[in-house]
Amino acid sequence: MPRARTNGIEIEYDTLGSAYDPAVLLVMGFALQMTRWPEGLRRGLADAGFRVIWFDNRDVGLSTEIAHFTPPSPMEVMQAVMSGKDASKLVPYTLDDMAADTAGLLDAVGVASADIIGMSMGGMIAQLMALDHPHKVHKLIPVMTTSGNPALPPPTPEAVAALTALPPVRTAEAIGDIAVVAQHGIGSPPGVRNSAEIIRTRAIEDFHRSDRPFGILRQNGAVLAQKRWHERLGSVTAPALVLHGAADPLIRPACGEDIARRIPGAQFRALENWGHDLPDSMVDTLLGEIVPFLRS
């Protein structure tokens, strides 16, 4: 796959569709590699007439690993945030830096501006792109994400437990098993989420592609230390469509609603029987929301 150098790092990325078509940039969520974008979603966007670009965020997959920085202590970062201190001094980078990575990737591939679709942490990055690099954002689609407002409802205890469960050993099989546990805790209901076999297989494939547990900890630090941005969202000028699962136990639907309330003219869609995942069964539904919005 091609690599782009930007913002002092190298980013692994791929594209689908004609370089002459309008660009859609997919920004992945916390700890996940670019491989987690469903093939059907990428292909569906390309078939609809868009040039699709997707990539590995820094510290995961095959993009630059910030290995010379020790992962920050989550507790220390949280204590700094709660005491009103500048927590960004405790981490090697924040989501602002990841937004700069993403904007720089567009420059590196020769795209003046793109429609930005970001899921979970990627949706936070997408919002910060619209705030800090507005000339790069044509339309904005935050998916299963939050405005950063600390007053919003927290995840359910069950979702937190599932997401923070650790494998007893770091082997491919253990990673596959823990992925099943996590998706059962935060994903869509049975019948909508992918089967345990598919979840396990894809997690093992990603493990063999790249395993960076310390990179995941640094990404977590970036989320925790990020200066809150919810009060700035009123200045977003890009047309926005906010998509959220009505059954999301990790980032609750109220978080997506808050984004839509704050961005002028934003639309909000809560999709039934959808949790915090990207199951293959949701692809057609998502394309049915995304493509008409991008074409409008």
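Source: prediction; values computed, not measured. Residue numbers count from 1 along this sequence.
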**Study point:** Side chain to side chain, H68 and P92, heavy atoms closer than 4.5 Å
**Key:** no
**Study point:** Chi angles and distances behind the side chain to side chain contact (heavy atoms under 4.5 Å, CB included) call for I216, D59
**Key:** CA-CA 7 Å; I216 292 171; D59 253 340; over 6 Å; no
Review point. Transitively linked via ILVMFWY side-chain contacts under 4.5 Å: I259 with L243?
Key: no
Review point. Between R269 and Q267, does any side-chain donor sit less than 3.5 Å from a side-chain acceptor?
Key: yes
Check your understanding: Does N57 reach the side chain of M98, with side-chain heavy atoms less than 4.5 Å apart?
Key -> yes
Review point. Looking at CD of E289 and OG1 of T285, how far apart are the two atoms once the value is rounded to the nearest 0.5 Å?
Key: 8.0 Å
Exercise for review: Report the hydrophobic cluster partners of V160, with the cluster defined as I, L, V, M, F, W, Y residues connected by side-chain heavy atoms closer than 4.5 angstrom, directly or transitively.
Suggested key: none
Review point. Can you name the nearest heavy-atom pair linking R170 to P167, along with the distance?
Key: NH1-CG, 4.2 Å
Review point. Among side-chain atoms of S63 and D56, is any donor-acceptor pair under 3.5 angstrom?
Key: no
Residues 11-18 side chain polar contacts: donor-acceptor under 3.5 Å, at least two apart:
residue	atom	partner	partner atom	Å
E12	OE1	R3	NH1	3.0
S18	OG	Y20	N	3.0

Point to revise | N149-S147 side chain donor-acceptor pair, cut-off 3.5 Å | key: no
Practice item. Any pair with a residue in residues 15-37 that passes salt bridge (charged side-chain N to carboxylate O under 4.0 Å, His left out), sequence neighbours left out, goes on the list, sorted by first then second residue, please. Key: R36-D206
Review point. Between the main-chain N or O of F30 and the side-chain N or O of Q219, is there a donor-acceptor pair closer than 3.5 Å?
Key: no
Exercise for review: Over all heavy atoms of both residues, which pair between D248 and P253 is shortest? Give the atoms and the distance, please.
Suggested key: O-CD, 3.8 Å
Check your understanding: H244 side chain to G275 main-chain N or O, any donor-acceptor pair under 3.5 Å?
Key -> no
Exercise for review: Decide whether M28 and V24 are clustered together by the hydrophobic rule: side chain heavy atoms of Ile, Leu, Val, Met, Phe, Trp, Tyr closer than 4.5 Å, transitively.
Suggested key: yes
**Study point:** Hydrophobic cluster partners of F207 (side-chain heavy atoms under 4.5 Å)
**Key:** I175
Review point. Would you say the side-chain atoms of Q33 pair up with the backbone N or O of V60, donor to acceptor, closer than 3.5 Å?
Key: no
Check your understanding: How about V283 and L287: do any of their side-chain heavy atoms sit closer than 4.5 Å?
Key -> yes
Check your understanding: Y93 and R58: side chain to side chain contact (heavy atoms under 4.5 Å, CB included), yes or no, with the steps?
Key -> CA-CA 10 Å; Y93 56 87; R58 60 164 68 194; 3.5 Å; yes
Check your understanding: Is there side-chain contact between R218 and V91, with at least one heavy-atom pair below 4.5 Å?
Key -> no
Review point. If you measure from CG on L241 to CG on L140, what distance do you get to the nearest 0.5 Å?
Key: 9.0 Å
Check your understanding: Is it true that R193 and D277 have a side-chain N and a carboxylate O under 4.0 angstrom from each other?
Key -> no
Practice item. Measure the spacing between CD1 of I125 and CD of Q226 and express it to the nearest 0.5 Å. Key: 9.5 Å
**Study point:** Minimum heavy-atom distance G176-A203, with the two atoms named
**Key:** CA-CB, 4.1 Å
Exercise for review: Check the pair V242 / V143 against side chain to side chain contact (heavy atoms under 4.5 Å, CB included), numbers first and verdict last.
Suggested key: CA-CA 6 Å; V242 182; V143 181; over 6 Å; no
Check your understanding: Do R261 and F268 have side-chain heavy atoms sitting under 4.5 Å apart?
Key -> no
Could you pull out every donor-acceptor pair under 3.5 Å between side chains of residues 126-136 and any protein atom, sequence neighbours left out?
residue	atom	partner	partner atom	Å
Q127	OE1	W229	NE1	2.9
Q127	NE2	G123	O	3.2
Q127	NE2	T146	O	2.8
D132	OD1	R232	NH2	2.7
K136	NZ	D107	OD1	2.6
K136	NZ	V111	O	3.0
K136	NZ	A112	O	2.9

Review point. Less than 4.5 Å apart, any side-chain heavy atom of I290 and any of L294?
Key: yes
Exercise for review: Check for a donor-acceptor pair, side chain of E10 on one end and backbone N or O of T64 on the other, with a separation under 3.5 Å.
Suggested key: no
Exercise for review: Kindly write out the residues that satisfy side chain to side chain donor-acceptor pair (under 3.5 Å) with S120, not counting sequence neighbours, or none if the list is empty.
Suggested key: H276
Practice item. Group every Ile, Leu, Val, Met, Phe, Trp and Tyr by side-chain heavy-atom contacts under 4.5 Å, then state whether L25 and V236 land in the same group. Key: yes
Check your understanding: Should L250 and M119 be counted in the same cluster of Ile, Leu, Val, Met, Phe, Trp and Tyr side chains packed under 4.5 Å apart?
Key -> no
Exercise for review: Starting from I199, walk the hydrophobic network (Ile, Leu, Val, Met, Phe, Trp, Tyr; side-chain heavy atoms closer than 4.5 Å) and list everyone else you reach, by chain and number.
Suggested key: V180
Point to revise | Pair V27-I117, side chain to side chain contact (heavy atoms under 4.5 Å, CB included): steps then yes or no | key: CA-CA 6 Å; V27 191; I117 303 174; over 6 Å; no
Revision key, fill the gap. Taken in chain and number order and not counting sequence neighbours, the residues that satisfy side chain to side chain donor-acceptor pair (under 3.5 Å) with T6 are none
All N/O donor-acceptor pairs, side-chain side in residues 40-53, below 3.5 Å, sequence neighbours left out:
residue	atom	partner	partner atom	Å
R42	NE	W37	O	3.2
R42	NH2	W37	O	3.3

Practice item. Give a yes or no answer on whether the side chain of K139 reaches the backbone of F293 with a donor-acceptor pair at less than 3.5 Å. Key: yes
Check your understanding: Taking all atoms of both residues into account, what is the closest heavy-atom pair of C255 and L152, and its distance?
Key -> CA-CD1, 3.8 Å
Exercise for review: Please say which of R202, Q183, M282 ends up in a side chain to side chain contact (heavy atoms under 4.5 Å, CB included) with N194.
Suggested key: R202
Point to revise | Between CG on residue D211 and CZ on residue R209, distance to nearest 0.5 Å | key: 12.5 Å
Practice item. Indicate yes or no: at least one non-hydrogen side-chain atom of I141 is less than 4.5 angstrom from one of I116. Key: no
Review point. What pair of heavy atoms forms the shortest contact from A159 to P249, and how long is it?
Key: CB-O, 3.5 Å
Practice item. For N273, enumerate each residue passing the side chain to side chain donor-acceptor pair (under 3.5 Å) test, keeping only those at least two apart in sequence or located in another chain. Key: none
Exercise for review: Working to the nearest 0.5 Å, report the span between CZ of F69 and CZ of F214.
Suggested key: 16.0 Å
**Study point:** Between CD1 on residue I178 and CD on residue E173, distance to nearest 0.5 Å
**Key:** 13.5 Å
Review point. Can you check whether P155 reaches I251 side chain to side chain, under 4.5 Å on heavy atoms?
Key: no
**Study point:** Residues which pass side chain to side chain contact (heavy atoms under 4.5 Å, CB included) with L90, listed by chain and number, not counting sequence neighbours
**Key:** E76, V77, A80
Exercise for review: Please answer: with hydrophobic residues joined when any side-chain heavy atoms are less than 4.5 Å apart, are M144 and V223 in the same cluster?
Suggested key: no
Check your understanding: For M1, does the CE atom have more than 12 heavy-atom neighbours from other residues, nucleotides or ligands under 6.0 Å away?
Key -> yes
Exercise for review: Please identify each residue that fulfils side chain to side chain donor-acceptor pair (under 3.5 Å) with R252, with sequence neighbours left out.
Suggested key: none
